[in-house]
Amino acid sequence: MKEMLRLDLSRSQLEPRALDACKEELGILKKRLWSGEEAFTGWVRLPLAYDRNELKKILSTAEKIRKQCQVFIVIGIGGSYLGARAAISALAAGGNAAPEIFYAGQNLSGTYHKELIKKIREKEFCLCVISKSGTTTEPSVAFSILKDELYQRYGREEAAKRIYAITDSEKGVLRQEVNREGYESFAVPDDIGGRYSVLTAVGLLPIAVAGIDIEEMLLGAESVASQVSAAKGEGRGTPGTDQTDDAALLAAARASLLKRGTTVEVFEYYEPGLQYFAEWLKQLFGESEGKDGKGIFPAALQFSTDLHSMGQFLQDGNRIFFETVLNVLNPPEDLIVPESAGELLAGRSMNAINQAAVQGVIAAHETAGISIIKLDIPELTPYYFGQMIYFFETSCALSGYLMGVNPFDQPGVESYKSEMRKVLQKK
């Protein structure tokens, strides 16, 4: 049996009774989450009963794309692309004959997209446009620009064979275009919101194109879902109320720390490959909790790099934050430091030195009175990445419930879009 992620709250500076106070409420909230009655909770049971036909189609389409294209461009923003980028950044290895993967539609920079067009000019490329409505400004603009490049290169009929769409199953501008032009497509599930959609075609198709084992990823997610859903004397798939799994325990810890006045959570990681996983965490928690004047502000720092810019503030600055350390125990690669580095470092592995940094930073910050949560990740593999996705989705949903907000909507996001449209209409 494979290991699980391990949550360490020993340096959180929380008394056990503070966490115990949440247990009864968490049991009720877990039942609510698993009831199937809450909107946008289709992700909850997804790993326990994944549609094998859908998975087969994703895998066959990914293989087709891998043979068809030198470059695969994922067009989307926020939850439509961050999960896939997080997985590809953390897991994609060289030499697997996968296409180069680029991203578009996640900003409105003409410079960025002009440079992207230059990069692909001599290469065979395909597009994957991900948008439930097809009207979100950033991906809509990027899709129109890159689609025009396809038309110029291949003609309209051949271009249609190089466009893959993930959108609403029945309605919306993009679905209409799919039906009209004949693009190969997948549906964004109606009961799963964007930031919780990594384990659907939204995330799995680009991840599979990158040559990553998505079946292993789903097995990892299933292992956490089974743990979360386990209940004494009850069957698989029923949330328990007599035990607190680590995902629920993290939710309780975050709620307790918020009550103590720490309103910022700093996600810290020592492996650069986790950069976009941290970006996904920022969206997951920020968009799920930040409403009605509530929530914990999510930030992310890459160590040891950012210790040379933010280390002073963390050690001695305003205590508005707590730290959540994403600690990879066995990174995929390593190097031995040569003798020229000096007696203290020579002959040691870089990963061992990195772990010394993890331990040293935690010790220094704990002494300074900072609350620290640590999550040990056995390895950066598809299996454990699947665990990480489901673990944090569950913890985030329960955290939102504990704070008294709906963790599955995002009404505030529409405000800037409305104001931007007003500006554009004046031009």
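As the structure is a computational prediction, the values presented were derived from the model and not from experiment. The chain is numbered in sequence order, starting from 1.
Annotation: Arg153, atom CZ; neighbour count of heavy atoms from other residues, nucleotides and ligands within 6.0 Å is above 12. Around the CZ atom of Phe125, the shell of radius 6.0 Å holds more than 12 heavy atoms that belong to other residues, nucleotides or ligands. The environment of CD in Gln152 is crowded: more than 12 heavy-atom neighbours from other residues, nucleotides or ligands sit within 6.0 Å. Counting heavy atoms of neighbouring residues, nucleotides and ligands inside a 6.0 Å radius, atom CZ of Arg52 does not exceed 12 of them.
Note that OH of Tyr270 and OG of Ser304 are 8.0 Å apart. Values are rounded to the nearest 0.5 Å. Residue Leu274 holds its CG atom at 8.0 Å from OG of Ser89, rounded to the nearest 0.5 Å. Atom CD of Glu222 and atom CG of Leu199 lie 11.5 Å apart (nearest 0.5 Å). Rounded to the nearest 0.5 angstrom, Leu329 CG and Glu379 CD are separated by 9.0 Å. Between atom CD1 of residue Ile373 and atom CZ of residue Arg11 there is a gap of 12.5 Å, rounded to the nearest 0.5 Å. Of the inter-residue distances, the one linking Thr200 atom OG1 with Ile166 atom CD1 reads 7.0 Å to the nearest 0.5 angstrom.
Put simply, the side chain of Arg254 reaches to within 4.5 Å of the side chain of Glu289, judged on heavy atoms. Counting heavy atoms from C-beta on, the side chains of Ile65 and Phe72 come closer than 4.5 Å. You'll find the side chain of Arg32 reaches within 4.5 Å of the side chain of Leu29, heavy atoms only. For the pair Phe391/Leu250, a side-chain contact is recorded, criterion being any heavy-atom separation below 4.5 Å from C-beta on. No side-chain heavy atom of Trp280 sits under 4.5 Å from any side-chain heavy atom of Tyr81. Residues Asn354 and Glu271 have side chains in contact (heavy-atom distance under 4.5 Å, counting atoms from C-beta outward). You'll find the side chain of Ile296 reaches within 4.5 Å of the side chain of Phe322, heavy atoms only. Looking only at side-chain heavy atoms (C-beta outward), Leu258 and Lys294 stay at 4.5 Å or farther from each other.
Between Glu216 and Lys2, at least one side-chain N (NZ, or NE/NH1/NH2) sits under 4.0 Å from a carboxylate O, which counts as a salt bridge. A salt bridge between Glu115 and Lys119 is absent, with no side-chain N of the basic residue lying under 4.0 Å from a carboxylate O of the acidic one. Taking a cutoff of 4.0 Å between a charged side-chain nitrogen and a carboxylate oxygen, Glu54 and Lys57 do not qualify as a salt bridge. Taking a cutoff of 4.0 Å between a charged side-chain nitrogen and a carboxylate oxygen, Arg175 and Asp168 do not qualify as a salt bridge.
The aromatic rings of Phe321 and Phe313 lie tilted to each other, with the angle between the two planes from 30° to 60°.
Side-chain atoms of Arg195 do not come within 3.5 Å of backbone N or O of Gly78 as any donor-acceptor pair. Using a distance-only test at 3.5 Å, with no hydrogens or angles considered, no donor-acceptor pair links the side chain of Thr61 to the main chain of Ile58. Gln68 places a side-chain N or O within donor-acceptor distance of the main-chain N or O of Lys161, the cut-off being under 3.5 Å. The main-chain N or O of Met350 is found under 3.5 Å from a side-chain atom of Asp334 such that the two form a donor-acceptor pair. The closest donor-acceptor contact from the side chain of Thr167 to the backbone of Leu174 lies at 3.5 Å or more, if one exists at all. Remark: side-chain polar atoms of Asn107 are paired, donor with acceptor, to backbone N or O of Ser109 under 3.5 angstrom. Under a 3.5 Å cut-off, the side chain of Lys291 and the backbone N or O of Asn406 do form a donor-acceptor pair. Judged purely by atom type and a 3.5 angstrom limit, Asp306 uses its side chain to pair as donor or acceptor with the backbone of Gln302. No donor-acceptor pair closer than 3.5 Å links the side chain of Arg156 to the backbone N or O of Tyr151. A donor-acceptor pair under 3.5 Å is absent between the side-chain atoms of Ser288 and the main chain of Phe285, judged by distance alone.
For Cys396 against Pro407, the heavy-atom pair with the smallest separation is O-CB, 4.4 Å. The minimum heavy-atom distance between Leu116 and Ala104, with the atom names listed, is CD2-CB, 3.8 Å. Listed here is the closest heavy atom pair of Val228 and Thr394: CG1-CG2, 4.0 Å. Across Val188 and Val202, no two heavy atoms sit closer than the pair CG2-CG2, 4.0 Å. Nearest heavy atom pair, residue Val337 against residue Ala341, reads CG1-CB, 3.2 Å. When all heavy atoms of Ser226 and Leu48 are compared, the closest pair comes out as OG-CD2, 3.5 Å.
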### Message
Could you walk me through whether Lys282 and Glu287 satisfy the side chain to side chain contact (heavy atoms under 4.5 Å, CB included) test, starting with their C-alpha distance in whole Å, then the side-chain angles of each, then the deciding distance to 0.1 Å, before giving a yes or no?
### Response
CA-CA 8 Å; Lys282 284 162 58 178; Glu287 201 167 51; over 6 Å; no
#### Entry: Verdict with supporting geometry, Glu215 and Lys56, salt bridge (Lys or Arg N to Asp or Glu O under 4.0 Å)
CA-CA 10 Å; Glu215 292 180 284; Lys56 184 178 179 180; over 6 Å; no
### Task
Any chance you could lay out the salt bridge (Lys or Arg N to Asp or Glu O under 4.0 Å) test for Lys374 and Asp376, step after step, and finish with the verdict?
CA-CA 6 Å; Lys374 181 159 72 80; Asp376 285 330; 3.0 Å; yes
### Query
Between Leu375 and Phe392, is a side chain to side chain contact (heavy atoms under 4.5 Å, CB included) present by the stated rule, with each step listed?
CA-CA 11 Å; Leu375 185 71; Phe392 279 109; 3.7 Å; yes
### Message
Tyr269 vs Leu281, test: side chain to side chain contact (heavy atoms under 4.5 Å, CB included). Steps then yes/no.
### Response
CA-CA 12 Å; Tyr269 56 97; Leu281 286 174; over 6 Å; no
### Task
Show your reasoning for whether ring-ring contact (aromatic ring centres under 6.0 Å, His included) applies to Phe385 and Phe277.
CA-CA 9 Å; Phe385 192 88; Phe277 183 76; 5.6 Å; yes
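With sequence neighbours left out, the disulfide bond (SG atoms under 2.5 Å apart) criterion links Cys69 to Cys126.
The salt bridge (Lys or Arg N to Asp or Glu O under 4.0 Å) with Arg162 is formed by just one residue from the set Glu124, Glu149, Glu157; it is Glu124. Evaluated for a ring pair (Phe, Tyr, Trp, His ring centres under 6.0 Å) with Tyr196, the options Phe408, Tyr390, Phe40 yield exactly one hit, Phe408.
Counted by atom type alone, Gln227 and Asp246 present zero donor-acceptor pairs between their side chains at under 3.5 Å. Using modelled atom types and a 3.5 Å distance limit, the side chains of Tyr384 and Glu3 yield no donor-acceptor pair. Using modelled atom types, one finds no donor on one side chain facing an acceptor on the other under 3.5 Å when comparing Glu323 with Ser371.
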